[in-house]
Engineer: 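The structure follows.
Indexing begins at 1, ligand by ligand and atom by atom, following the structure's order. Bear in mind the structure is a predicted one, so any value in this text is a computation, not a measurement.
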Amino acid sequence: MEDPYEELRRRAADLATGELEPRAAVYDRDALFPRESIKRLAEEGFFGLMIPPEYGGMGRGLLAYAVVMEEIASACASTALIWGVSSALVAGSILAWGSEEQKGRFLPALGRGEMLGAFCLTEPGAGSDAGAVKTLARREGSGYILDGEKMFITSGGVADLYLVVASTDPAQGSRGLTAFLVERDRPGISFGPPLEKMGLRASVTSAVYLHGCRVPEQNRLGREGEGFRTALSALDRGRVGIAAQAIGIARAAFKRARDYARRREQFGQPIASFQAIQWKLVDMATDIEAARLLCHRAATLADRGERFTMEAAQAKLFATRMAMRCCEEAVQIHGGYGYLRDYTVERLMRDVKVTEIYEGTSEIMRVVIASHLLR
Ligand SMILES: Cc1cc2nc3c(=O)[nH]c(=O)nc-3n(C[C@H](O)[C@H](O)[C@H](O)COP(=O)(O)OP(=O)(O)OC[C@H]3O[C@@H](n4cnc5c(N)ncnc54)[C@H](O)[C@@H]3O)c2cc1C
């Protein structure tokens, strides 16, 4: 039987290896926003991957998203992140929680990649404890006034549309949170300078400031008090994507390590002939397959409309640790050359670390998994 994902995977792989990968090293070196790569993803329709055809998208599910994410991330992890935040977190949330009017207003442009989305949950004092958001949304007339500060926002200042989680009722804690869609050109929204990062240097990460930012009621996403659920459901999808991103990076590290081990000679033979090196490669290849199964299991549950919070957390926890290990081993197999900027594995090792941190740290993944196991 024909694999319904193979044609999509091949398209993504062709774009990734043919066009994204050759640019990735320069984007990283110069910390350049990968504009051309994002444009090509848009032209190929990938921003509309999960958007239904009535809004101009391909109408595919989370498994298709994971398949494409792995291919893009194996070429340029920064491009993969920018694409993932806009499509899975922002467009995905509008699809799940938005009114018909909001879907019609935002999804076609997000799906064409003409509009880029950013997801604003984290604050200086609310990281792992995401329910502790302090940004306030005060009702005024027919809308809301937003005041607060968001931290670590992917595509901050570059994106056109900001999904902002704010408190409409501080006394209710996380139950008083509400999500809003804020366009970049609204007075009262401004952005910090790009943060200097260890990796993913081509993706912009910055603070987002909201000072007396007036947002009409039509831009409230879902009902008052539903913001935390909106954010958590976005993160479930996002975590499947981060697992796939990590797998893509690990795959790239494995491929480079294997090729190098075949080429590099010491003691008169390729280092690939040493069992110590072979076993590293064996463990990398096996772990990558195991992580992909976990990732695809979570995505499949999501596509069937079943709960997948625990499975998404398991996939992210396992895949990101596995990918970190793979990148370390890939550098090790390259010896001193792996420590040089000229070799891709150096970038992969810097890029992969954050997969264990964002969209919920590994510690928080364990908290999520434990809460399900011990119910
Ligand atoms: C490059 C990058 C891009 C990002 N993009 C976005 C974005 O687009 N939108 C957005 O909203 N956020 C984004 N983030 C923020 C990211 O999700 C947070 O950094 C992450 O959730 C952790 O929060 P924190 O940094 O405040 O760490 P903290 O929450 O302060 O955690 C510090 C340490 O304590 C541990 N810890 C905390 N609580 C517990 C606990 N209960 N049990 C055990 N250990 C615990 C953590 O695991 C971690 O090791 C991004 C971050 C980075 C680095």
Engineer: Which protein non-hydrogen atom lies closest to atom 22 (C) of ligand 1, naming both residue and atom, and how far is it?
Structural biologist: T361 CG2, 3.9 Å
Engineer: Who's the nearest protein heavy-atom neighbour of atom 2 (C) of ligand 1, and how far?
Structural biologist: Y358 CD2, 3.6 Å
Engineer: Is there a polar contact between ligand 1 and I153, counting only N or O atoms under 3.5 Å apart?
Structural biologist: no
Engineer: Check K150 against ligand 1 and report side chain, backbone, both or neither, counting heavy atoms closer than 4.0 Å.
Structural biologist: neither
Engineer: Regarding K316 and E356, does a basic nitrogen lie under 4.0 Å from an acidic carboxylate oxygen?
Structural biologist: no
Engineer: Under 3.5 Å between any N/O of T122 and any N/O of ligand 1: does that happen in this structure?
Structural biologist: yes
Engineer: What protein heavy atom sits nearest atom 9 (N) of ligand 1, and how far off is it?
Structural biologist: F119 O, 2.7 Å
Engineer: Is any side-chain N of the basic residue among K39 and E36 closer than 4.0 Å to the acidic one's carboxylate O?
Structural biologist: yes
Engineer: For V354, which part has a heavy atom under 4.0 Å from ligand 1: side chain, backbone, both, or neither?
Structural biologist: side chain
Engineer: What protein heavy atom sits nearest atom 8 (O) of ligand 1, and how far off is it?
Structural biologist: T154 N, 3.0 Å
Engineer: Please confirm whether L200 comes under 4.0 Å of ligand 1, counting heavy atoms of the residue only.
Structural biologist: no
Engineer: Any salt bridge linking E7 with R10? Criterion: basic side-chain nitrogen under 4.0 Å from a carboxylate oxygen.
Structural biologist: no
Engineer: Note the single closest protein heavy atom to atom 38 (N) of ligand 1, along with its residue, its atom name and the distance in Å.
Structural biologist: S128 CB, 3.7 Å
Engineer: Taking atom 20 (C) of ligand 1 as the reference point, report whether a protein heavy atom occurs under 4.0 Å from it.
Structural biologist: yes
Engineer: Decide if the gap between the ring center of F191 and the ring center of Y209 is smaller than 6.0 angstrom.
Structural biologist: no
Engineer: Near L121, which atoms of ligand 1 are under 4.0 Å from a heavy atom of that residue?
Structural biologist: 11 (O)
Engineer: Look up atom 44 (N) of ligand 1 and tell me if a protein heavy atom lies less than 4.0 Å from it?
Structural biologist: yes
Engineer: Is any NZ, NE, NH1 or NH2 atom of the basic residue among R239 and E311 found under 4.0 Å from an Asp or Glu carboxylate oxygen of the other?
Structural biologist: no
Engineer: When only distance counts, is M151 in polar contact with ligand 1, meaning an N/O pair under 3.5 Å?
Structural biologist: no
Engineer: Is E70 paired with R292 through a side-chain N to carboxylate O contact shorter than 4.0 Å?
Structural biologist: yes
Engineer: Hey, which atoms in ligand 1 end up nearer than 4.0 Å to a heavy atom of I357?
Structural biologist: 20 (C)
Engineer: Heavy-atom contact check, 4.0 Å cutoff: does V85 meet ligand 1?
Structural biologist: no
Engineer: For ligand 1 and K197, I'd like to know whether there is a polar contact (N/O to N/O, distance under 3.5 Å).
Structural biologist: no
Engineer: Considering heavy atoms of the protein only, find what lies nearest to atom 13 (C) of ligand 1 and give residue, atom and distance to 0.1 Å.
Structural biologist: F152 O, 3.0 Å
Engineer: How far is atom 24 (P) of ligand 1 from the closest protein heavy atom, and which atom is that?
Structural biologist: G127 CA, 3.9 Å
Engineer: Taking R9 for its side chain and V68 for its backbone only, find out whether a donor-acceptor pair lies under 3.5 Å.
Structural biologist: no
Engineer: So, using salt bridge (Lys or Arg N to Asp or Glu O under 4.0 Å) as the criterion, who are the partners of E54 when residues are at least two apart?
Structural biologist: none
Engineer: Keeping D351 on the side-chain end and L200 on the backbone end, is there a donor-acceptor pair under 3.5 Å?
Structural biologist: yes
Engineer: What's the verdict on side chain to side chain contact (heavy atoms under 4.5 Å, CB included) for L95 and L107, showing C-alpha distance, side-chain angles and the deciding distance?
Structural biologist: CA-CA 8 Å; L95 191 58; L107 290 181; 3.8 Å; yes
Engineer: Look at atom 17 (O) of ligand 1 and say which protein heavy atom is nearest, naming residue and atom and giving the distance to 0.1 Å.
Structural biologist: E359 N, 3.4 Å
Engineer: Under the 4.0 Å line, does any protein heavy atom show up next to atom 32 (C) of ligand 1?
Structural biologist: no
Engineer: Verify whether the ring centers belonging to Y65 and W83 lie closer than 6.0 Å.
Structural biologist: yes
Engineer: Taking 4.0 angstrom as the limit, do E101 and K103 come out as a salt bridge?
Structural biologist: no
Engineer: Ignoring hydrogens and angles, tell me if any N or O in the side chain of D303 forms a donor-acceptor pair with the backbone of L63 under 3.5 Å.
Structural biologist: yes
